[in-house]
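Written out below as structure tokens is the structure these notes cover.
As a basis for the values below, the full set of heavy atoms in this structure was taken, side chains included, without hydrogen atoms, waters or symmetry mates.
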Amino acid sequence: MSEHIRVLLTEEEVDDRIQAIGEQVSRDYAGKQVHLVCVLKGGSFFMCELAKRITVPVSLDFMAVSSYGATTKSSGVVKIVKDLDETIKGKDVLVVEDIVDSGRTLSYLLEMLKSREPASLRLCTLLDKPDRRVVPVDVDYTGFQIPDEFVVGYGLDYAQRYRNLPYIGVVEFDD
């Protein structure tokens with residue numbers, strides 16, 4: 001079975017929205033330093049672009065969390081593949097994610113990070129699929145709400161492919 005990619009959000013739309021989120025984060029964290037925690041691998045493209053648009057001091061760290069494997073559906077099993085390099089105790093933390101889908105992974109991750117005593121903890125996602133939510137998750141900054149379709153590009157992948165697309169596309173399978 002082969003697939004093709006249909007454009008859902010253009011590169012320009014994504015770029016404009018990231019600029020707006022960066023401006024809002026800068027206002028919300030005025031006078032503070034924000035510690036961005038990127039959820040790898042998908043969040044890396046978004047976090048790099050977002051960080052360039054934030055005008056307050058920024059520090060970065062990375063986590064790798066998996067719940068997909070090589071399928072288009074979340075397995076529901078959350079696995080920490082790489083933990084943070086530094087403590088977040090007392091820091092204003094903004095978790096940067098590529099997509100919030102079922103909410104299982106983010107709910108687990110946010111509870112774990114909360115237990116590490118950050119000064120504040122917020123969530124920023126490029127994409128939100130509220131129709132797929134099975135666990136409630138409060139998202140503080142959302143790029144786009146999208147329909148329940150399997151998307152790729154801008155860091156999101158299908159079986160490790162398509163991350164490098166500069167837009168958000170929908171995977172459509174050919175018969």
Evaluate the side-chain proximity of [Y] to [X]: yes if any heavy-atom separation is below 4.5 Å, no if none is.
{"X": "Tyr154", "Y": "Leu127", "answer": "no"}
{"X": "Tyr162", "Y": "Glu3", "answer": "yes"}
{"X": "Arg133", "Y": "Val100", "answer": "yes"}
{"X": "Asp83", "Y": "Met63", "answer": "yes"}
{"X": "Asp157", "Y": "Val152", "answer": "no"}

Any sub-3.5 Å donor-acceptor pair from [X]'s side-chain atoms to [Y]'s backbone N or O?
{"X": "Arg17", "Y": "Thr142", "value": "yes"}
{"X": "Thr55", "Y": "Ser26", "value": "no"}
{"X": "Lys114", "Y": "Leu121", "value": "no"}

Gap separating the [atom1] atom of [X] from the [atom2] atom of [Y], nearest 0.5 angstrom:
{"X": "Ile99", "Y": "Phe46", "atom1": "CD1", "atom2": "CZ", "answer": "12.0 Å"}
{"X": "Leu84", "Y": "Leu113", "atom1": "CG", "atom2": "CG", "answer": "6.0 Å"}
{"X": "Lys89", "Y": "Glu117", "atom1": "NZ", "atom2": "CD", "answer": "4.5 Å"}
{"X": "Ile18", "Y": "Leu126", "atom1": "CD1", "atom2": "CG", "answer": "5.5 Å"}
{"X": "Gln24", "Y": "Tyr29", "atom1": "CD", "atom2": "OH", "answer": "10.5 Å"}

Margin query: Holding to salt bridge (charged side-chain N to carboxylate O under 4.0 Å, His left out), I want the full list of residues that pass it with Glu12, two or more places apart in sequence or in another chain.
Written below: none

Check: Who passes salt bridge (charged side-chain N to carboxylate O under 4.0 Å, His left out) against Glu13, sequence neighbours left out?
Finding: none

I need the minimum non-hydrogen distance between [X] and [Y], along with the two atoms involved.
{"X": "Cys124", "Y": "Leu50", "value": "SG-CD2, 3.9 Å"}
{"X": "Val139", "Y": "Thr125", "value": "CG1-CG2, 3.6 Å"}
{"X": "Ile21", "Y": "Gly143", "value": "CD1-CA, 3.6 Å"}
{"X": "Arg122", "Y": "Tyr141", "value": "NH1-OH, 2.9 Å"}

Next item on the list: Inspect the contact between Lys91 and Asp61 and indicate whether a charged nitrogen and a carboxylate oxygen are less than 4.0 angstrom apart.
Entry: no

Margin query: Counting the benzene-type ring for Trp, do Phe173 and Tyr158 have ring centres under 6.0 Å apart?
Written below: yes

What side-chain donor-acceptor pairs closer than 3.5 Å can you find for residues 32-41, not counting sequence neighbours?
{"residue": "Gln33", "atom": "NE2", "partner": "Ser59", "partner atom": "OG", "Å": "3.1"}
{"residue": "His35", "atom": "ND1", "partner": "Ser59", "partner atom": "OG", "Å": "2.5"}

Next item on the list: Evaluate whether atom CG of Asp16 has more than 12 neighbouring non-hydrogen atoms of other residues, nucleotides or ligands under 6.0 angstrom away.
Entry: yes

